[in-house]
Amino acid sequence: MTEKTPWPVTTDRLVLRPARAEDADAMWEYRRRPDVDRWLSDRLAGLDAWRSFQTDPERLAATLIVERDGEVIGDLYLAVRDGWAQRDAAGRPHQDEAEIGWVLSPDHQGHGYATEAVRALLRVCFEELGVRRLVANAFADNEASWRLMERVGMRREAVTVRASLHRDLGWVDGVTYALLADEWAA
Ligand SMILES: CC(C)(COP(=O)(O)OP(=O)(O)OC[C@H]1O[C@@H](n2cnc3c(N)ncnc32)[C@H](O)[C@@H]1OP(=O)(O)O)[C@@H](O)C(=O)NCCC(=O)NCCS
């Protein structure tokens, strides 16, 4: 992921760059907040646990940092994988699909920064990494997240019914959004 793109990627207001181990502390400041970690897959017990989780090489390699005026204001998730195919299909895909995700500090929400960062991420995925299909998932109750997916032009593909266990809400619905390279180009 990091080798194919000339990082950092800059937008009007933001800088996107691969995460480094030393970013973990700044990420913890917003990720530990209840209004953020409510929607995240992993709730860590404290800074030490978070540091060791976030600095795992595989995790680190899938994390991008969003900076505004030199401050870490959020992070993006980017994991490129092989799309599904029948084993004997000609032209079986290789590293053609990416799952993306995002977290923005509540101190910086409501200004379009996530939209700006994710639009740049889409461009990187389609233009530089040669991704064919992008996918993102959220709890259906996480309206801020799926509204962001819609703002950047992603298409609602699936609603899963009581398919995901939320630590406070129990079994809840999920949504999957996707976007194809040719849809994005159009
Ligand atoms: C999901 C998340 C990143 C969305 O953040 P956000 O601030 O709502 O999204 P943006 O930064 O794109 O800002 C959009 C808002 O800013 C407003 N805005 C202001 N200036 C803007 C601009 N120049 N451009 C676009 N939008 C702008 C928009 O109208 C919108 O407000 P609205 O929601 O009241 O309509 C954030 O809620 C979050 O981090 N949540 C916790 C973690 C999480 O749930 N992650 C996803 C797990 S699936």
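Just so it is clear, the model here is predicted, and its values are computed rather than measured. Counting starts at 1 for both ligands and their atoms, following the listed order. As a basis for the values below, the full set of heavy atoms in this structure was taken, side chains included, without hydrogen atoms, waters or symmetry mates.
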Partner of Leu179 under side chain to side chain contact (heavy atoms under 4.5 Å, CB included), picked from Val135, Leu122, Val131, is Leu122
Any heavy-atom pair between the side chains of Glu128 and Pro6 that's under 4.5 Å?
yes
Closest to atom 40 (N) of ligand 1 among protein heavy atoms sits Gln109 NE2, 3.8 Å
Less than 4.0 angstrom from a charged side-chain N to a carboxylate O is my criterion; do Glu157 and Arg133 meet it?
yes
Worksheet item: Quick one: does Asn137 get a heavy atom under 4.0 Å from ligand 1?
Response: yes
The answer for which part of Asn142 has a heavy atom under 4.0 Å from ligand 1 is side chain
Exercise. Got an N/O contact under 3.5 Å between Trp102 and ligand 1?
Worked result: yes
Among Ser145, Gly112, Ala114, Gly174, the residue with a heavy atom nearest to atom 27 (C) of ligand 1 is Gly112
Just checking, Arg32 and Trp50: is the charged tip under 6.0 Å from the six-membered ring centre and within 45° of the axis? no
min-distance protein heavy atom vs atom 39 (O) of ligand 1 -> Leu104 N, 2.8 Å
Going by the 4.0 angstrom heavy-atom rule, the piece of Arg151 near ligand 1 is side chain
protein heavy-atom neighbour closest to atom 12 (O) of ligand 1 works out as Thr115 OG1, 2.4 Å
For ligand 1, is there an N or O atom under 3.5 Å from any N or O atom of Val103? no
Short version for His111: what comes under 4.0 Å of ligand 1, heavy atoms counted, is backbone
Nearest non-hydrogen contact to atom 35 (O) of ligand 1 from the set Arg147, Arg13, Arg33 belongs to Arg147
Sub-4.0 Å protein heavy atom next to atom 29 (O) of ligand 1: no
Heavy atoms of Glu99 and Asn137 approach each other most closely as OE2-ND2, 3.4 Å
dist Trp28:CH2 -> Asp23:CG (nearest 0.5 Å) comes out at 15.5 Å
Quick one: does Glu116 get a heavy atom under 4.0 Å from ligand 1?
no
Taking Ala21's backbone N and O only, do any of them form a donor-acceptor pair with Thr55's side chain (distance below 3.5 Å, no angle check)? no
Check whether Val124 and Leu64 end up in the same hydrophobic cluster, where Ile, Leu, Val, Met, Phe, Trp and Tyr are linked by side-chain heavy atoms less than 4.5 Å apart. yes
Please state whether Gly110 comes within less than 4.0 angstrom of ligand 1, counting heavy atoms only. yes
For Glu116 and Asp12, the nearest pair of non-hydrogen atoms, with its separation, is OE2-N, 3.4 Å
**Report entry** Contact (N/O only, under 3.5 Å) between Tyr113 and ligand 1
**Finding:** yes
Atom 4 (C) of ligand 1: closest protein heavy atom, distance to 0.1 Å, is Ala144 O, 4.0 Å
The reported gap from CD in Glu150 to CZ in Arg155 (rounded to nearest 0.5 angstrom) is 12.0 Å
**Asked** Does atom CD of Glu58 have more than 12 heavy-atom neighbours from other groups under 6.0 Å away?
**Response** no
Here the atoms of ligand 1 under 4.0 Å from any heavy atom belonging to Trp39 are 44 (O)
